2 protein chains.
Amino acid sequence: MSTDDGLRKAGLRSTLPRLKIISVLENSEVRHMSAEDIYRHLIDSREEIGIATVYRVLTQFEQAGIVIRHNFEAGRAVYELNDESPHEHLICMSCGEIVEFEDSSLVQQLAKIASEHSFSLDNHSLYLYGHCQSCAH
Amino acid sequence: MSTDDGLRKAGLRSTLPRLKIISVLENSEVRHMSAEDIYRHLIDSREEIGIATVYRVLTQFEQAGIVIRHNFEAGRAVYELNDESPHEHLICMSCGEIVEFEDSSLVQQLAKIASEHSFSLDNHSLYLYGHCQSCAH
DNA sequence: GTATATGCAAAACTTTTGCATCCTT
DNA sequence: AAGGATGCAAAAGTTTTGCATATAC
């Protein structure tokens, strides 16, 4: 599916700023980026865009399921493209490396726990913080 | 152990602002409070304190293990007393109710996952978001 | 008495919003 | 042509910091 189609499917007009933002998320070597990261990346590439647009577009993308928003650290959200393969995150507190892993049994367990407390489960956030092998002391 | 001893053990002087903040966290009917919540609670009770002190003290308390900091929602941290009994949180997105649950096997699983990726695990954040029974539609 | 903590105000950051203009459809 | 999107600047919300004063030990 083209980026254009993806936007239309989400009920969003295909505009230049939106295409630019998706392109950054698709092509950057870093997978998790903040609004400011994306803005800087574009400005440094001599692409014109406003920071307010980046924030507005990311919010729309999140609601449309195009990106996933994370709060790895307080006070700054980061976004990654939603590739439809659910995964969790391991974060190295020294070098910032982020390892993604998938564990469906874990997710099933979360659903079971919610149901045991008479909760419907919409989503969850799970982040493991530690130190990767090269940063271990 | 008295509050005084707890502070001293953490290498913190026993000061009036610190005692006031602990008292709020111990006695408030709400278990998870933001810095602003604690500040307002004190001001409304005609206790003198500065908001900057609340932030500074909460940061020290977190580092000392006296409180645990959470980012249930982006942009605002909440704190709870660390009662030394590890638990996770279920959050109702309608009414804001927070249910705590304990699951040591889940935590063991997280440690196993980290080790499988050659990570040392320092801590984790796990929040389940959904709707409680009375808010389910 | 000395080092540390506090309070105030100002600053720093991230994110949101009002509004005039521009772009998609 | 019309509604939606953008960009700028200003505002809002949370958290941090500089500095003079007050407090704990």
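Reminder, nothing fancy here: chain letters follow the sequence lines and each chain counts from 1. Being a predicted model, the structure only gives us computed values, none of them experimental.
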For atom [atom1] of [X] and atom [atom2] of [N], their distance in whole Å:
{"X": "Lys20(A)", "N": "dA5(D)", "atom1": "NZ", "atom2": "P", "value": "17 Å"}
{"X": "Glu73(A)", "N": "dT14(D)", "atom1": "CD", "atom2": "P", "value": "19 Å"}
{"X": "Glu47(B)", "N": "dT6(C)", "atom1": "CD", "atom2": "P", "value": "14 Å"}
{"X": "Gln60(A)", "N": "dT24(C)", "atom1": "CD", "atom2": "C1'", "value": "14 Å"}
{"X": "Ile38(A)", "N": "dT15(C)", "atom1": "CD1", "atom2": "P", "value": "11 Å"}
{"X": "Ile49(A)", "N": "dC23(C)", "atom1": "CD1", "atom2": "C1'", "value": "14 Å"}
{"X": "Ile21(A)", "N": "dG7(D)", "atom1": "CD1", "atom2": "C1'", "value": "13 Å"}
{"X": "Glu62(A)", "N": "dT15(C)", "atom1": "CD", "atom2": "P", "value": "12 Å"}

Item to check | NZ/NE/NH1/NH2 to OD/OE distance under 4.0 Å, Arg31(B) and Asp83(B) | outcome: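 Looking at Asp83(B) together with Arg31(B), the answer is yes, because their closest N to O distance falls below 4.0 Å.
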Checklist entry - Do Gln109(A) and Ser105(B) have side-chain heavy atoms sitting under 4.5 Å apart? => result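 Yes. Closest side-chain heavy atoms under 4.5 Å.
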Checklist entry - Does the ring center of Phe72(B) lie less than 6.0 Å from the ring center of His70(B)? => result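 For Phe72(B) and His70(B), the ring centres are under 6.0 Å apart.
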Item to check | Contact pattern, 5' to 3', of nucleotides 15-25 of chain D - B, S or - by protein heavy atom under 4.0 Å | outcome: BBBB-----BS
Checklist entry - In terms of heavy-atom contacts, does CD of Glu48(A) have more than 12 from other residues, nucleotides or ligands at under 6.0 Å? => result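 Count not over threshold, so no.
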Checklist entry - With a 3.5 Å cut-off and no angle check, do the side chains of His87(B) and Glu102(B) form a donor-acceptor pair? => result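 Glu102(B) and His87(B) do not have a side-chain donor-acceptor pair below 3.5 Å.
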Checklist entry - If you measure only the distance, is there a donor-acceptor pair under 3.5 Å linking the side chains of His124(A) and Glu88(B)? => result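 Short answer, no.
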